[in-house]
Amino acid sequence: QVQVVESGGGSVESGGSLSLSCVASAYTGTRKYCMGWFRQAPGKEREGVAAISYGGSTTYYADSMKGRFTISQNAAKNTVTLQMNNLKPEDTAMYYCAAQQAPCLASLNREVYVSWGQGTQVTVSS
């Protein structure tokens, strides 16, 4: 079981930037993780935003985030950062971090993740 804690949400105007951070802490097993960011807007399903493999060699982005969002990992600190630039009002959502212990593959499929954080709110005003 892995504890996942997000931080860094907030409110920003359209075109602005925010950085989200996530820390994973395993109670048992390996401390090597693949991690992903997901988001859920009111009335909508949770969707994948970005994902990264352990060590950061593989990353995936949802099409609407490519070129604006960057996911990175500090494996030594078990942290993942999501840098979000050129934010748009449609990016407004609760953002969730998820982790899966190695061996694993980076994935935008929420079904493969067992451990989830509580979420952090991102609000972008026009």
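The figures here come from the full heavy-atom set of this structure, side chains too, leaving out hydrogens, waters and symmetry mates.
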(Q) Checking the side chain of Q73 only, and the main-chain atoms of G55 only, is there a donor and an acceptor separated by less than 3.5 Å? (A) yes
**Q.** Exercise: identify the closest heavy-atom pair between A99 and V2
**A.** CB-CG1, 4.3 Å
**Q.** Pairs touching residues 59-97 that satisfy ring-ring contact (aromatic ring centres under 6.0 Å, His included), sequence neighbours left out
**A.** none
Q.
Quick one: does any side-chain atom of Y54 pair with a main-chain N or O of P103 as donor and acceptor, under 3.5 Å?
A. no
Q. Can you name the closest pair of heavy atoms from G29 and A26 and give their distance?
A. O-CB, 4.3 Å
(Q) Check whether T92 reaches the backbone of T123 with its side chain - one donor and one acceptor, N or O, closer than 3.5 Å. (A) no
Q.
As an exercise, state the distance from OG1 of T58 to CD1 of I52, rounded to the nearest 0.5 Å.
A. 8.5 Å
Q) Any donor and acceptor pair, going by atom type alone, linking the side chain of R31 with main-chain N or O of S25 inside 3.5 Å? A) no
**Q.** Separation of S126 OG from E90 CD (nearest 0.5 Å)
**A.** 10.0 Å
(Q) Given 3.5 Å as the limit, does a donor-acceptor pair link the side chain of E13 with the main chain of S125, or not? (A) no
(Q) Could you measure the distance from the OG atom of S53 to the CG atom of L105? Nearest 0.5 Å is fine. (A) 8.5 Å
**Q.** V23 and V4, any side-chain heavy atoms less than 4.5 Å apart
**A.** no
Can you list, pair by pair, the side-chain donor-acceptor contacts under 3.5 Å of residues 77-88, counting residues two or more places apart and other chains?
| residue | atom | partner | partner atom | Å |
| --- | --- | --- | --- | --- |
| Q83 | NE2 | N85 | OD1 | 2.9 |
| N85 | OD1 | S17 | OG | 2.9 |

Q. Looking only at heavy atoms, what is the nearest atom pair of A93 and R39, with distance?
A. CB-CB, 3.9 Å
Q.
Can you tell me how far apart OG (S115) and CD (Q100) are? Round to the nearest 0.5 Å.
A. 9.5 Å
Q: With the side chain counted from C-beta on, respond yes when W37 and I71 share a heavy-atom pair under 4.5 Å apart, and no when they do not.
A: yes
Q) Any donor-acceptor pair under 3.5 Å linking the side chain of Q3 with the backbone of G117? A) no
Q. Does T28 offer a backbone N or O that forms a donor-acceptor pair with the side chain of Q101 under 3.5 Å?
A. yes
Q: Could you walk me through whether C104 and Y33 pass the side chain to side chain contact (heavy atoms under 4.5 Å, CB included) test, one step at a time?
A: CA-CA 7 Å; C104 55; Y33 316 100; 5.9 Å; no
Q.
For M35 versus C97, what's the shortest heavy-atom pair and its separation?
A. CE-SG, 3.7 Å
Q: Begin from the C-alpha positions of Q40 and R110 and carry the test side chain to side chain contact (heavy atoms under 4.5 Å, CB included) through to its verdict.
A: CA-CA 12 Å; Q40 188 168 18; R110 64 177 188 248; over 6 Å; no
Q: Take D91 and R68 through the side chain to side chain contact (heavy atoms under 4.5 Å, CB included) test and state the conclusion after the steps.
A: CA-CA 11 Å; D91 293 317; R68 300 191 299 126; 2.7 Å; yes
Q) Between A51 and S107, what is the shortest heavy-atom contact and its length? A) CB-O, 3.2 Å
Q. Is E6 reaching over with its side chain to a backbone N or O of C22, donor-acceptor style, under 3.5 angstrom?
A. no
Q | Donor-acceptor contact below 3.5 Å, side chain E47 vs main chain L108 | A | no
